[in-house]
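The block underneath contains the structure these notes are about, expressed in structure tokens.
First the proteins, then the strands, lettered A, B, ... as listed; each starts at 1.
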Number of protein chains: 2
Amino acid sequence: MKPCCFSLLKAAPLFKGLSETELQDVSACAKESRLLRAGHYFRQNDAARRVFVLTHGHVKITQLSTEGTQVFFRVIGPGEIFGIIGGFGENSYPVSAYSEGPATAWSWDTKCLLSLMEKYPKIALNVIQILSRRIQEMQDRFRDLATQRVERRVATALLRLAAKSGTREADGILINMKLSRQDLAEMTGTTLFTVSRLLKTWQTGGLIVSARQRIKLTVPHALAQIADEIPIPTPRTGK
Amino acid sequence: MKPCCFSLLKAAPLFKGLSETELQDVSACAKESRLLRAGHYFRQNDAARRVFVLTHGHVKITQLSTEGTQVFFRVIGPGEIFGIIGGFGENSYPVSAYSEGPATAWSWDTKCLLSLMEKYPKIALNVIQILSRRIQEMQDRFRDLATQRVERRVATALLRLAAKSGTREADGILINMKLSRQDLAEMTGTTLFTVSRLLKTWQTGGLIVSARQRIKLTVPHALAQIADEIPIPTPRTGK
DNA sequence: AAAGATCTTTGCGCCAGCGCAATGACCCGG
DNA sequence: CCGGGTCATTGCGCTGGCGCAAAGATCTTT
């Protein structure tokens with residue numbers, strides 16, 4: 001394993017707290033999966049045989065409902081784990097993992113990871129922490145979807161994305177991945193039309209700069225303000 | 001510990017696969033928390049010191065957004081674990097746990113459970129499985145909220161509740177807990193008014209019988225049909 | 001460079017479901 | 001058995017955001 005990747009694994013939340021030698025042991029049974037271009041790491045309903053840790057790129061986690069509508073659950077960035085959900089209980093992935101461009105991940109056979117967790121309980125505890133966080137995040141998003149209006153949800157989504165994979169630039173924070181209106185709509189439970197209109201408004205107002213599949217937040221704190229506005233606001237203006 | 005409760009713990013998913021003696025060990029540091037009447041096991045933002053396994057009753061897991069709107073995440077039934085989320089990462093519960101009536105739970109100090117998990121990795125694996133399921137469930141609900149209309153979501157919620165805490169009766173399945181229109185609204189991301197109107201329609205159609213805080217599904221398969229209907233259906237009727 | 005394939009914008013019509021208020025039903029404690 | 005509190009119903013008005021279609025912009029491939 002290349003040293004750079006090794007240090008990335010070392011920093012991954014999944015392996016936090018492991019010693020150097022333990023990490024060696026762990027990485028012994030890992031396999032590198034590299035995508036040279038856009039493609040799937042796995043598809044919904046595939047047999048869940050492996051668990052992944054992304055080392056490079058971005059992965060979109062989506063789910064297709066039986067009727068064909070798609071929802072977008074999360075973006076996986078470097079260091080993050082994915083594909084852990086189907087592996088233990090049911091034996092198939094409940095979601096698809098897709099990358100829009102080149103990406104690299106290390107992966108472990110599910111059974112192998114299971115025995116690693118028994119050998120090093122620390123890993124299991126890390127998994128528990130990661131899953132806990134993820135539940136909280138899903139709960140938050142569920143709450144937003146249930147109680148906030150579209151504008152806030154989209155603003156929140158943009159900020160979340162910027163925090164996760166934004167790069168600071170002179171004139172704002174660029175969200176560093178392909179991101180269509182459709183993607184944002186699937187994340188926030190709305191339609192691409194509505195997202196398009198919203199972004200347009202914000203762009204006109206100077207809050208963002210958007211191009212095809214690319215969004216830069218020029219005034220993030222204004223978005224944050226929108227994201228924190230009163231909830232189902234404004235029956236009537238106070239007069 | 002009373003034998004009845006002991007066997008309940010034995011059947012709890014959290015302790016699945018433990019031997020008799022291991023269970024003895026585990027239960028040694030447990031504490032019984034009994035609610036004689038309606039009340040909270042814990043409130044959102046309380047320090048997350050204990051993890052609970054419900055042995056009797058029902059517990060509602062809710063969250064209050066900063067602006068005061070409440071959402072209803074799940075119902076905990078006997079055997080299920082709750083209060084595990086805040087304990088490991090952040091140190092406060094992100095939700096409230098409330099019972100409408102008498103209830104009994106066993107609880108463990110978070111740190112104590114942590115060392116139990118290191119001692120018996122099986123427990124940690126069980127936790128991982130439970131959390132995985134819960135994530136899947138939240139994802140499903142998120143998807144429904146994002147893509148289905150209210151009617152379907154409420155039908156789904158009723159069926160879920162019936163499956164979890166319904167009792168078969170001569171004329172249908174009674175959902176065995178206090179359940180207001182408001183509760184259903186908070187579960188499905190709508191308003192109590194809309195729920196009221198929906199239930200009314202269904203009652204008129206003979207699908208359900210509802211009284212104050214009590215709902216019986218008389219024709220569950222008809223509800224299931226509603227729950228499985230086409231998604232964002234019906235632009236125009238076929239003519 | 002031209003043809004396709006995506007992605008985005010925009011106008012228009014429309015309705016599911018919300019917000020509110022007022023009334024009615026039911027429960028429980030004293 | 002009464003009184004106050006909680007829960008449920010219902011009518012009415014309204015609008016946020018969806019659905020669709022069609023055109024425009026941008027990227028990719030050959």
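Rounded to whole angstrom, the span from the CG atom of Leu145(A) across to the P atom of dC18(D) amounts to 11 Å. Straight-line distance from the CZ atom of Arg181(B) to the P atom of dG17(C): 18 Å, rounded to whole Å. For the pair Leu192(A) CG and dT6(C) C1', the computed distance is 12 Å after rounding to whole Å. Following rounding to the nearest Å, Arg214(B) (CZ) and dA8(D) (P) show an atom-to-atom distance of 11 Å. Computed from coordinates, the Phe193(B) CZ to dC18(C) P distance equals 10 Å when rounded to whole Å.
Remark: Gln225(A) pairs with no residue by the side-chain hydrogen bond (donor to acceptor under 3.5 Å, both in side chains) rule, at least two apart or across chains. By the side-chain contact (heavy atoms from CB on, under 4.5 Å) test, Ile173(B) is found to be paired with Ala162(B), Arg168(B), Pro220(B), residues two or more places apart in sequence or in another chain being considered. Residues satisfying the side-chain hydrogen bond (donor to acceptor under 3.5 Å, both in side chains) criterion with Arg212(B), sequence neighbours excluded, are absent altogether. For Arg141(B), there are no side-chain hydrogen bond (donor to acceptor under 3.5 Å, both in side chains) partners at least two apart in sequence or on another chain. Residues meeting the side-chain hydrogen bond (donor to acceptor under 3.5 Å, both in side chains) test with Gln44(B), sequence neighbours left out: none. For Asp140(B), the side-chain contact (heavy atoms from CB on, under 4.5 Å) partners two or more places apart in sequence, or in a different chain, are Gln63(A), Arg143(B). Under the rule for a ring-ring contact (aromatic ring centres under 6.0 Å, His included), the partners of Tyr98(A) that lie at least two apart in sequence or sit in another chain are His40(A).
Listed in residue order, the members of residues 195-208 of chain B having a heavy atom less than 4.0 Å from DNA chain C are Arg197(B).
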N/O-N/O pairs, protein side and nucleotides 15-17 of chain D side, under 3.5 Å:
| unit_1 | atom_1 | unit_2 | atom_2 | d |
| --- | --- | --- | --- | --- |
| dG17(D) | OP1 | Val150(A) | N | 3.1 |

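In the helix from dA1(C)-dT30(D) to dG30(C)-dC1(D), the end axes, each obtained as the rotation axis mapping the C1' atoms of four pairs onto the next four within a five-pair block, lie 60° apart to the nearest 10 degrees.
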In B/S/- notation (B base, S sugar-phosphate only, - none; protein heavy atoms under 4.0 Å), nucleotides 23-30 of chain C written 5' to 3' is --BBS---

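Among pairs with a residue in residues 43-65 of chain B, those fulfilling salt bridge (Lys or Arg N to Asp or Glu O under 4.0 Å) read Lys60(B)-Glu100(B), Lys60(B)-Asp183(B), at least two apart in sequence or across chains.
Among Trp106(B), Tyr93(B), Phe52(B), the one residue that satisfies the ring-ring contact (aromatic ring centres under 6.0 Å, His included) test with Tyr41(B) is Phe52(B).
Looking only at distances, no side-chain donor or acceptor of Arg181(A) sits under 3.5 Å from a matching main-chain atom of Ser196(A).
Remark: the Gln182(A) side chain and the Ser180(A) side chain contain no N/O donor-acceptor pair separated by less than 3.5 Å.
In this structure, Lys164(B) places its NZ atom where more than 12 heavy-atom neighbours from other residues, nucleotides or ligands lie under 6.0 Å away.
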Discussion item. Could you go through Glu67(A) and Arg152(B), starting from their C-alpha distance and side-chain angles, then the distance that decides it, and tell me whether this counts as salt bridge (Lys or Arg N to Asp or Glu O under 4.0 Å)?
Written reply: CA-CA 13 Å; Glu67(A) 309 87 7; Arg152(B) 285 193 59 168; 3.2 Å; yes

